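As the structure is a computational prediction, the values presented were derived from the model and not from experiment.
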Amino acid sequence: MSSNAKLLTLDAGAWPDTYGEMAKPRMGFFTDTSICIGCKACEVACKEWNHVPEDFKGFTGKSYDNTLHLDADNWRHVAFIEQRLPAALDGDTATESLVQIAARRELEEDSGLDTLQEGEGLRWLMASDVCKHCSHAACLDVCPTGALFRTEYGTVVVQADICNGCGYCVPACPFGVLSKRKPDGRVWKCTLCYDRLRDDKEPACAQACPTNSIQYGELTELHERAEARLQEMQDAGQTSARLYGAHPDDGVGGFGAFFLLLDEPEVYGLPPDPVVTTRDLPGIWASTGAAAVALAVGIAAACIGGRR
Amino acid sequence: MPGLGTSFGRGGATTFQQDLQNSDVIVIQGSNMAECHPVGFQWVMEAKQRGAKVIHVDPRFTRTSAMADLHVPIRAGTDIAFLGGIVNYIIENERWFDEYVKHYTNATTIVDEGFRDTEDLDGFFSGWDPETGQYDISTWSYAGTEEHTAGGHKEQGAAVSGEQAHGAHGMKLDRGRPPKEDETMQHPRCVFQILKRHYSRYTPELVEEVCGIPKETFLQVAETLCQNSGRERTGAFCYAVGWTQHTVGVQYIRTAGIIQLLLGNIGRPGGGILALRGHANIQGSTDIPTLFNILPGYLPMPHPQAGPDLDTWVGNTSPRTGAWGDMRNYAVSLLKAWFGDAATGENDFCFGLLPRIDADHSHYAAINRMLDGKCPGFFVVGENPVVGSANGRMQRFALANLEWLVVRDVQLIETATFWKDSREIETGELKTEEIGTEVFFMPAASHTEKDGSFTNTQRLLQWHWKAVEPEGDARSELQWTFDLGRRVRRKLAGSTEPRDRALLNLTWNYTTQGPHDEPDAQEVLQEIGGRHADGSFVEKYQDLKNDGSTSCGSWIHAGVYKGGVNQAARKKPHTEQNWVAPEWGWAWPANRHIIYNRASADPSGKPWSERKKYVWWDEEQQKWTGYDDPDFVPDKPPDYQPKKNDIGLDALRGDSPFIIQADGRGWLYAPAGLMDGPMPTHYEPHESPATNPLYTQQQNPLRQRFNRPENPYNPTDPEPGWDVFPYVVTTYRLTEHHTAGGMSRTVPILSQLQPELFCEISPELAAERGIEHGDWATIVTSRTAIEARANVTDRVKPLRVEGRTIHQVGLPYHWGPGGIVKGDTANDLFPLVLDPNVHIQEVKAATCDILPGRRPRGPDVLRLVEDYKRRAGVKVVGE
Amino acid sequence: MEEGNGKLTDHLPPLLRQLKDPLGLGRAAQSRHSARLVPRTQTADKVVQSVCPYCAVGCGQKVYVQDGKVTQIEGDPDSPISRGRLCPKGAASEQYVNSATRAKKVLYRAPYATDWQEIPLDQAMEMITDRVIATREKTWESEDDEGRPLNRTRGIAWLGGATLDSEENYLIKKLFTALGAVQIENQARI
Amino acid sequence: MSTRPEVPSATLETRPRRNGKGERAMVPEAEPRSYYDQPVIQEPVWTWEIPIYFFVGGMAGASAGLAYMAHLQGNNELSRRAWAISLAGIHVSPMLLISDLGRPARFLNMLRMFKITSPMSVGSWILATTGGAVTVSAAHAWTGVFPGLARSGRLVAALAGMPLATYTGALIGNTAVPAWHKARHFLPFVFAGGAAASAGAAAVLATPGKHAEPARRLAVIGAALEIGAAQGMEHAAGFEGEPYKKGLPGALSKLATATTAAGAGLLAKGGRRRSDRTLAKVGAGLLLAGAFTERWAIFRAGFKSASEPKYTVGPQRERIRKGESLGAARMPGNRPG
């Protein structure tokens, strides 16, 4: 759909084109969940820096996760997944013989990349989720006021001084990142610490992260790092590793904040094939126009028909 | 920790966190490092990404286990059996680092012929006196040393602690060598052979039977350790209170010390034992102690048996050889720092004015005196014992029996409000109107509101600067203590009472500053760091004199202000110095980061290998050099031989890395310094669902018990009624909270992340007891019953022990009746029963029962517990 | 950023700025506030280097102060131990020091009383001083039954947390030892 | 180690859903995997005002068109009343929208920019335009003031009125809510039909019978379009369309169809003969109710669809399985993950 492609390139054009010489390199996050220790420092550092209010959900019984989802009051969320694993730790190698598995395990351990407790057939996945700062961001597209905009760093930010709480971005986001804060009335989400970036400071979560699971930097450089890491794990036989949001040809044109996951995205509460809804907007406008014409015709028919 | 002190000489971590990145294998045991020390854990992850193997031995699968290559579930309280099994594996398979062991440990030393092992005496070492319940340790000594190896030790009873028994007391050695040695390590009474016999029954099969760890898994751990030790490779141990909070806690650490000495992992990069302390200044408050049994720098508190005068005391409590040979220098310098001009050679430098200890005066002993009405006054400063200490109910009864209580904290903690919100009010055991305790609550300043230094887990002093003034009545402890001292001295000025002399002689005139008359913290650090008579600062502890011409508040800190510079406040970015970062803060002693680092070179002074070089002998310059400050006499050549009658460091050879010890060796076998034996032996926890398969003696015979109605004990296998409390219960911390919660349950963000007390149990136990995940469960012991949300998870596994299935219940202990998030207190479940060396309570292993649903309210909970005690036939002495 | 603010286009209404940003997804939508945004760490009156008060890893902290109040506490990238990183507790330090429930006044509970009362700090110190002196006198032990000197009292106990500074511990040990109070203990055992 | 003991269901909560088991099933699963059944996307935050606006705004737009045509045909009785209905609707609409805002005082920000990528932005401009034009036209129709303005005003109102009635379909179609997004091409027609039906019906109620013929026909035509489009939509939405058929939304939509059909029936036969006029008015009432209920049903279906992860994950995983998409997660070698 060439018209969509056109729309998307224009969307991307918001950065760097509209900033001219003020444009900065596109900054983002690479969250390597294979080294996340689930300490939640990112959640706390974020709330501290951005003065995000507390949000008590009580004891949820969902492993160590008492935050559950990203929303206006949680801009970082650490997911905890306790898994019993069969001998083979991923489906596509489920046919491995125990000997093959043992060999692969040895390889993994020597490489120091192993994060799985095969001995007990148990693993505990932890992953820090955050706004994806999509290359083609639905929230940004649908915002009627321009409260949401793409910054000179290529990130997507809600401007609290503009947002009037129309709530359109909330169902538009394919990741469910945004929501309205009560009683404030406006929507809030990760700004990738827009203000800190202005002073060349790391975003609060990335700076705090004890194991450097959250890595901040120029997106192009992060992509190289991630590819290398993936290859490393692949070579070590840790075949469950995958990159999520690192590819410009996915439904949102790639993420500004992408991930290395050890299982399918939906296991972490992430959509496996997110699509920016506005990719279909030309078609939607066409139908809307057609419907409007149909309505006009109907009215005309109703009136003129009466003459006969 | 005396576990470290008696093995190597100093009671501190032998290495530093950043050095973990050099390890080839890291064993984390008795610690949940990723959860309790997340930022330190980054160095484990660094090592891992360099290919190191990470092994986590823990009853639960934790966030640490999730990052480990191997998690080994173990029955809480059986670590000595596991570690002893590794010792046995090393010796049986001849995997020890022979050259290291022969030169740097006391393996070759021949022990007194009177010595008998637990293997010979069914769980007792020689010297056991059933009357006193103590050991006469004279037969434990090196053969040929004088009879009273341990000085006044044998009469000192429970008062002696590892720190106090630092080094071998009064051990008289010529040329720093034991009188009898066997270089071949074949002599039946040489330490090596004794060790070999002692652990010969700690086989993989025994480990499986006792710890519930499959033989294969154990062998994998043992072999991985051996493969990653030697000239080319090193391994490290990390532990925390999962090892110390047992009735044999000190011996846990000793066992790890033995392994690391046999494998040659002490004093070398990537090796060592890293004690992970849980509080910002735990290490510091032991080095410069607020502890009853030691003075700053681990000098022992005077004891009547140790002699009436300075010289007798020094003679009785220190060896002549090794760094402790100069104890008089350190002691006199301390007395000069405290009593200034009043301390003279004529009056023994006021030594006579110091108070004496003659028993266990630790917190729990004091609590018992409070219950007996013998201790009317209590200061609690930045501490929350009614939540953080074992048997909280007993703690609260004690507080209710005081005349006055002073609590200083940043928040109004439960210890200050016990008289109105403790559970005993709910049960009717206490009534607010009947509690006569007068309570003063005084707001304290936070770390951002005062200057001062914390000593972190790796002995590193780091200065923190004041950012803002404390608000309202909030004051720092520095200001408060100084003020209290001034007021007392003012009121007693002119007193002729002998008891007031120490107080009036005290040097107590610090320059103050700021709106609150704050003493200058740097001035205090200067006093600690030491001065010459002319007021100039000492450079190192070797500068200290015994004639009163130097003053030094803590000899191990000598030089912390050298050159008039606050060494602890140095903040040179790590990016601008080598990986050891010697110019960031200051590590005691003498800014050494890996101690005993002379052992990183072979006896001739060359690095064991290029890969593991750290400190070595430089032939040209004729001095020790390397990445770190050499923990050795800088110009003492590797082939140095002491002359007869040399004392102190001069008496140690050029190949003796453990310069604090009288013989300069690492101690596989501790002839003195420990109450409960020269070698670690497996004893069951005080309360256990299993029998000790090794000896008839089930538990540590010296464990400290308190037999009183407030402190009943569950019967332990094989006693009748033990099965009324069939499960093991253990406590732990969560990343999101801090100890007793005063600093986390009051912080909204942290409270949100872990809002409720929960218990972690296996699906199998949940099924057995009909407990639903997410519902409430009630945990019962003979002390009390508490309720928690059930977190049913595969991360807790049932273990096969002695042919039975043993279930374990995990409980975080952060909650109490106060704060933003409230809950029952896990420590209320645990009894007072202590390690004999350091008087630390056993809260990492006890027995309990668990039921579905919430606990009864009010007095009904007492009935529930009474019913349990009746069914179990709990006998309470003193009732 | 600043020179950007000067641009005439920045002062035009967004609708007109859309001439250069037709979809209005980029700079055209930027509010004046956003254009001038700077972090509070940059505008702070001062920043001091500190150490985390929680566990003993000893992470470096940077404490930012504005108008006499702590406005931000974050990791100190210069520290060789923590390299700027903090755990959730360390990262929550600002809430800990600025906690709304922090005690600011001295409170006194008289024997058998059912509630607190506020008393002046000086009065409290005087009262405590008197009790220390009286209890010490009442419970003094000058020698043991064998006539050997003890010079002590076991009538006063002291229990400290391990979050006190070493300098503070030093003064406490020094003073209480001189007072003869031997039951001095801290968290290190507990 | 590969076999797991049977454990009580209580434990399932501590690990993510996977047919209630931890193992990786080898066959594609009926129930898509999820994170403790947590929704992937957020439920909309719009409240009751919005479906009412869909109804009122649609009616206002269509009424403007009806009024314009009636005016052209000199049916001033009908024209004036249609203008009035449109006027009422066009002024209630902004009130509804403003009251739904989190920050009502900032409603003018809706016109801060013009964003073609945002149906709400476009809609705001359409609403503003229609609003002005309808006001002028209605004022002239009843009082005869500013005839000049009104001449162009009527045309503008009629032209802008059409998309005003249909853009709301684009508004909700352009979201990540599966039930809405999948139905994006039908929603504008459903809304157009509803708008026509309600505009016609309202005019029938307000206009003396002999002048109401065009309105009556419009109502019937609209009803037909609404029912037809709704049926098509539910069919085309497939799995994502489930919420339109199940639960409360399903019931509402069935009720809407029935009511609309009945109303249309009555209107269709009612009309010419005086005696049928009351029937016609009843039918008109039913049509209004039906059109409103249909909006409500569609609105609620969106919430239901957002609240269950299977509606989001299932179709996406299916796309990947069928090779229609690589998805966002990639194994080495660009294999979908």
Side-chain angles (χ1 to χ4, degrees), chain B residues 37-40 277 279-282 284-286 288 290 304 355-357 361 363 366 377-383 404 412 432 436 438-439 441 443 446-448 452-454 456-457 462 464-465 467 471-473 477-478 481 485 487 502-503 506 521 524 573-574 581 584 738 747 749-750 840, chain C residues 48-51 53-54 56-59 63 65 78 80 82 85 87 92 95-97 99 101 103-107 109 111-112 114 121 124 129 131 135 140 148 150-152 156-172 175 178 180 182-186 188-190:
Chain B
H37 303 87
V39 182
R277 317 294 188 188
H279 302 247
N281 202 30
I282 282 257
S285 47
T286 317
I288 296 175
T290 42
R356 271 40 176 181
I357 59 171
H361 307 304
H363 169 60
F378 192 21
F379 290 94
V380 180
V381 182
E383 176 72 357
W404 52 272
L412 199 54
T432 303
E438 191 180 28
V439 186
F441 177 79
S446 78
H447 72 302
T448 54
S453 71
F454 290 142
N456 83 341
T457 203
Q462 298 188 100
H464 60 83
W465 297 102
E471 284 181 50
D473 294 342
E477 268 58 45
L478 204 65
T481 311
R487 289 171 189 264
L503 201 54
L506 205 63
V524 178
H574 67 94
W584 181 275
H738 190 57
V747 175
I749 291 182
L750 297 174
I840 291 179
Chain C
V48 306
Q49 286 179 293
S50 189
V51 180
Y54 286 95
V57 166
C59 299
V63 181
V65 179
D78 291 346
S82 58
R85 306 167 188 184
C87 79
Q95 272 203 7
Y96 156 68
V97 298
S99 159
T101 56
K104 307 225 167 70
K105 288 255 148 279
V106 170
L107 296 175
R109 185 259 178 181
Y112 312 108
T114 56
L121 176 58
T129 307
R131 280 152 188 69
T135 306
W140 189 258
R148 297 175 301 191
L150 291 175
N151 310 338
R152 72 173 186 207
I156 300 172
W158 189 98
L159 177 65
T163 307
L164 309 191
D165 297 335
S166 293
E167 296 71 23
E168 296 175 327
N169 284 326
Y170 179 78
L171 283 200
I172 290 160
L175 176 65
V182 290
Q183 297 170 135
I184 305 304
E185 282 290 282
N186 76 47
R189 271 196 222 286
I190 296 161

Going through the distances and angles, do Val381(B) and Leu164(C) end up as a side-chain contact (heavy atoms from CB on, under 4.5 Å)? CA-CA 9 Å; Val381(B) 182; Leu164(C) 309 191; 3.9 Å; yes
Does the side-chain contact (heavy atoms from CB on, under 4.5 Å) test come out yes or no for Asn281(B) and Ser166(C), once each step is laid out? CA-CA 7 Å; Asn281(B) 202 30; Ser166(C) 293; 3.3 Å; yes
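With chain B as the partner, the residue from Pro80(C), Ala124(C), Pro111(C) showing the most heavy-atom pairs under 4.5 Å is Pro80(C). Comparing Asp473(B), Asn456(B), Leu750(B) by heavy-atom pairs within less than 4.5 Å of chain C, the highest count is held by Asp473(B). Top candidate by heavy-atom pairs under 4.5 Å with chain B, chosen from Thr114(C), Val182(C), Val97(C), Leu171(C), is Leu171(C). The candidate from Pro38(B), Gly436(B), Gly485(B) with the greatest count of non-hydrogen atom pairs under 4.5 Å with chain C is Gly436(B). When the candidates Ala56(C), Ala178(C), Cys87(C) are compared by the number of heavy-atom contacts under 4.5 Å with chain B, Ala56(C) comes out ahead. Of the listed residues (Asp165(C), Asn151(C), Thr135(C), Leu107(C)), the greatest number of heavy-atom pairs within a distance under 4.5 Å of chain B belongs to Asp165(C). Ranked by heavy-atom pairs shorter than 4.5 Å toward chain B, the options Arg109(C), Lys105(C), Gln49(C), Gln95(C) are led by Arg109(C). Chosen from Ala521(B), Pro573(B), Ala366(B), the residue pairing most often with chain C at heavy-atom distances under 4.5 Å is Pro573(B). Comparing Ala502(B), Gly284(B), Pro304(B) by heavy-atom pairs within less than 4.5 Å of chain C, the highest count is held by Pro304(B). Contact tally against chain C (heavy-atom pairs below 4.5 Å) for Ser453(B), Gly472(B), Ser285(B), Ala467(B): the top residue is Ser453(B).
A parallel orientation is assigned to the rings of Phe378(B) and His363(B), their planes being inclined by less than 30° (bins at 30° and 60°).
Residue Val106(C) touches chain B through both its backbone and its side chain, counting heavy-atom pairs closer than 4.5 Å. Contacts between Arg85(C) and chain B at a heavy-atom distance below 4.5 Å involve backbone atoms as well as side-chain atoms. Heavy atoms of Ser82(C) lying under 4.5 Å from chain B belong to its backbone as well as its side chain. For chain C, the nearby parts of Ile749(B) are the backbone and the side chain; heavy atoms of each come within less than 4.5 Å. The part of Val48(C) that comes within reach of chain B is its side chain, from C-beta onward, which places non-hydrogen atoms under 4.5 angstrom from that chain. Heavy atoms closer than 4.5 Å to chain C are found in the side chain of Leu506(B), but not in its backbone. Using a 4.5 Å cut-off between heavy atoms, Trp158(C) contacts chain B through both its backbone and its side chain. For Trp404(B), the part sitting under 4.5 Å from any heavy atom of chain C is the side chain, from C-beta outward, and nothing else.
Panel note: side chain Arg277(B), backbone Thr457(B); no donor-acceptor pair is recorded below 3.5 Å. A distance-only check finds no donor-acceptor pair linking the side chain of His447(B) to the backbone of His464(B) [under 3.5 Å].
Separating the CG atom in Leu159(C) from the CD1 atom in Ile184(C) is a distance of 9.5 Å, to the nearest 0.5 Å.
Using a 4.5 Å heavy-atom threshold, the side chains of His361(B) and Glu185(C) count as separate. A heavy-atom distance below 4.5 Å is not found between the side chains of Glu168(C) and Thr290(B). Between His574(B) and Trp584(B), the closest side-chain pair of non-hydrogen atoms is not below 4.5 Å.
Smallest separation of non-hydrogen atoms from Ala103(C) and Phe441(B): CB-CE2, 3.2 Å.
Under the salt bridge (charged side-chain N to carboxylate O under 4.0 Å, His left out) criterion, Arg131(C) pairs with Glu438(B), not counting sequence neighbours.
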